[in-house]
Amino acid sequence: LMASAEIYNKALDLLSRREHSRKELYLKLISRFESKEEINLILNKLEKNKLLSDSRFTEEYVQARRRKGFGPIKISAELEKRGINDSLISAQINIYDDWSDLAQSTFQKRFPEGISKDFKELQKQKNFLSNKGFTFFQIESVLD
């Protein structure tokens, strides 16, 4: 029982710093505490009390990554790694219909001089947007 309170308090401490996905929180707790069953019970309780929420985490995560100029492909991959299910990811990504605008402003911030006439430089510009996680279509919308 002692361990239970300790796990609960550690979980609350981590959640007070930022939203976590269930998987992230589980991985942080399992590195400190033995009992998987205990941890899962506590995570269930936190979810029941709305202190832990994958959908709230996903919403905040997408907003934060968009502010840093990341596109839907990269954000989706990062969320998947954090244990978020596909339908939740799609729902949050599809809230936004301005990904091409975001690609455009991300491009302008990085390349204020605009689209390069030089083929090699243009490839660099494409790769930049691709690495940021924008789709082929979104990249074309900026560079065409």
Side-chain angles (χ1 to χ4, degrees), residues 1-116 120-143:
L1 213 77
M2 189 53 211
S4 195
E6 210 183 325
I7 296 170
Y8 190 78
N9 290 335
K10 185 62 199 173
L12 281 183
D13 174 50
L14 290 164
L15 286 168
S16 73
R17 298 160 199 256
R18 68 163 175 84
E19 294 279 358
H20 285 68
S21 69
R22 183 178 173 119
K23 180 183 178 181
E24 282 181 325
L25 200 52
Y26 177 84
L27 291 173
K28 285 184 181 180
L29 294 171
I30 203 72
S31 72
R32 290 187 176 85
F33 305 99
E34 306 283 85
S35 169
K36 289 179 181 173
E37 298 77 43
E38 199 72 51
I39 290 171
N40 277 313
L41 285 171
I42 283 163
L43 295 178
N44 293 345
K45 183 179 171 184
L46 290 166
E47 283 178 335
K48 199 169 141 272
N49 296 333
K50 306 264 188 281
L51 295 166
L52 175 63
S53 160
D54 272 0
S55 74
R56 203 170 55 227
F57 167 79
T58 304
E59 192 178 332
E60 285 199 6
Y61 192 90
V62 172
Q63 288 170 2
R65 298 304 274 160
R66 277 175 54 90
R67 280 194 298 275
K68 290 198 156 74
F70 289 101
I73 295 176
K74 185 169 183 87
I75 297 172
S76 298
E78 292 171 347
L79 285 166
E80 212 170 290
K81 224 175 77 191
R82 286 161 177 78
I84 303 300
N85 71 53
D86 289 345
S87 63
L88 199 48
I89 294 173
S90 302
Q92 283 302 323
I93 293 287
N94 293 333
I95 284 174
Y96 301 96
D97 58 4
D98 62 344
W99 291 104
S100 292
D101 297 340
L102 183 63
Q104 180 70 54
S105 59
T106 301
F107 178 81
Q108 279 166 341
K109 219 176 268 164
R110 175 69 180 76
F111 300 104
E113 69 285 355
I115 301 169
S116 180
K120 265 177 83 172
E121 194 52 42
L122 183 61
Q123 286 310 115
K124 272 189 195 149
Q125 292 181 333
K126 279 186 181 170
N127 289 340
F128 168 76
L129 286 175
S130 180
N131 293 336
K132 280 284 194 173
F134 291 99
T135 66
F136 175 77
F137 174 78
Q138 290 154 1
I139 294 167
E140 291 302 300
S141 80
V142 172
L143 296 176

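Everything numeric in this text was worked out from a predicted model, so none of it was measured.
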May I ask you to check whether Phe128 and Phe107 place their ring centres under 6.0 Å from each other? no

Salt bridge (charged side-chain N to carboxylate O under 4.0 Å, His left out): pairs with one or both residues in residues 76-103, sequence neighbours excluded: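 Output for this query lists Glu24-Arg82, Arg65-Glu78, Arg66-Asp98.
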
If you look at every heavy atom in [X] and [Y], which pair is closest and at what distance?
X	Y	answer
Ala11	Leu46	CB-CD1, 3.6 Å
Thr58	Leu79	CG2-CD1, 3.8 Å
Phe70	Leu102	O-CD2, 3.5 Å
Gln125	Gly114	NE2-O, 3.0 Å
Pro72	Phe134	CD-CD2, 4.1 Å
Asp54	Gly83	OD2-O, 4.2 Å

Report yes if some heavy atom in the side chain of [X] is under 4.5 Å from a heavy atom in the side chain of [Y]; otherwise report no.
X	Y	result
Arg32	Lys10	yes
Phe137	Ser100	yes
Lys48	Lys45	no

Please list all pairs meeting ring-ring contact (aromatic ring centres under 6.0 Å, His included) that have one or both residues in residues 7-32, counting only residues at least two apart or in different chains. none

Keeping to residues at least two apart or across chains, list the ring-ring contact (aromatic ring centres under 6.0 Å, His included) pairs with something in residues 71-95. none

Gap separating the [atom1] atom of [X] from the [atom2] atom of [Y], nearest 0.5 angstrom:
X	Y	atom1	atom2	value
Gln63	Ile95	CD	CD1	8.0 Å
Leu14	Leu29	CG	CG	6.5 Å
Leu43	Leu52	CG	CG	6.0 Å
Ile75	Ile89	CD1	CD1	10.5 Å
Ile84	Ser76	CD1	OG	11.5 Å
Trp99	Gln138	CH2	CD	7.5 Å

Donor-acceptor side-chain pairing of Ser4 and Glu38 below 3.5 angstrom: yes

If we ignore angles and hydrogens, is there a donor and acceptor under 3.5 Å between the side chains of Gln108 and Ser105?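 No - no donor-acceptor pair under 3.5 Å links their side chains.
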
Residues forming a ring-ring contact (aromatic ring centres under 6.0 Å, His included) with Tyr61, sequence neighbours excluded: Phe57

Check whether any side-chain N or O of Ser31 sits under 3.5 Å from a backbone N or O of Lys28 as a donor-acceptor pair, and report yes or no.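 Yes, because the side chain of Ser31 sits within donor-acceptor range (under 3.5 Å) of the backbone of Lys28.
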
Whether the side chain of Asn85 engages the backbone of Ser87 through a donor-acceptor N/O pair (distance < 3.5 Å, no angle test) should be reported. yes

My understanding is that only residues two or more places apart in sequence, or in another chain, count here; which of them pass side chain to side chain donor-acceptor pair (under 3.5 Å) with Arg17? Asp13

Could you check Gln123 against Lys120 for side-chain contact (heavy atoms from CB on, under 4.5 Å), going step by step and ending with a plain yes or no? CA-CA 5 Å; Gln123 286 310 115; Lys120 265 177 83 172; 5.6 Å; no

Step by step, would you call Glu140 with Lys126 a side-chain contact (heavy atoms from CB on, under 4.5 Å)? CA-CA 9 Å; Glu140 291 302 300; Lys126 279 186 181 170; 4.0 Å; yes

Should we say atom CZ of Phe136 is surrounded by more than 12 heavy atoms from elsewhere, each under 6.0 Å from it? no

So for atom CD, which belongs to Glu34, do other residues, nucleotides or ligands contribute more than 12 heavy atoms lying within a distance under 6.0 Å?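 No - once you tally the heavy atoms of other residues, nucleotides and ligands closer than 6.0 Å, there are 12 at most.
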
Contacts of Glu47 that satisfy salt bridge (charged side-chain N to carboxylate O under 4.0 Å, His left out) - sequence neighbours left out: Arg22

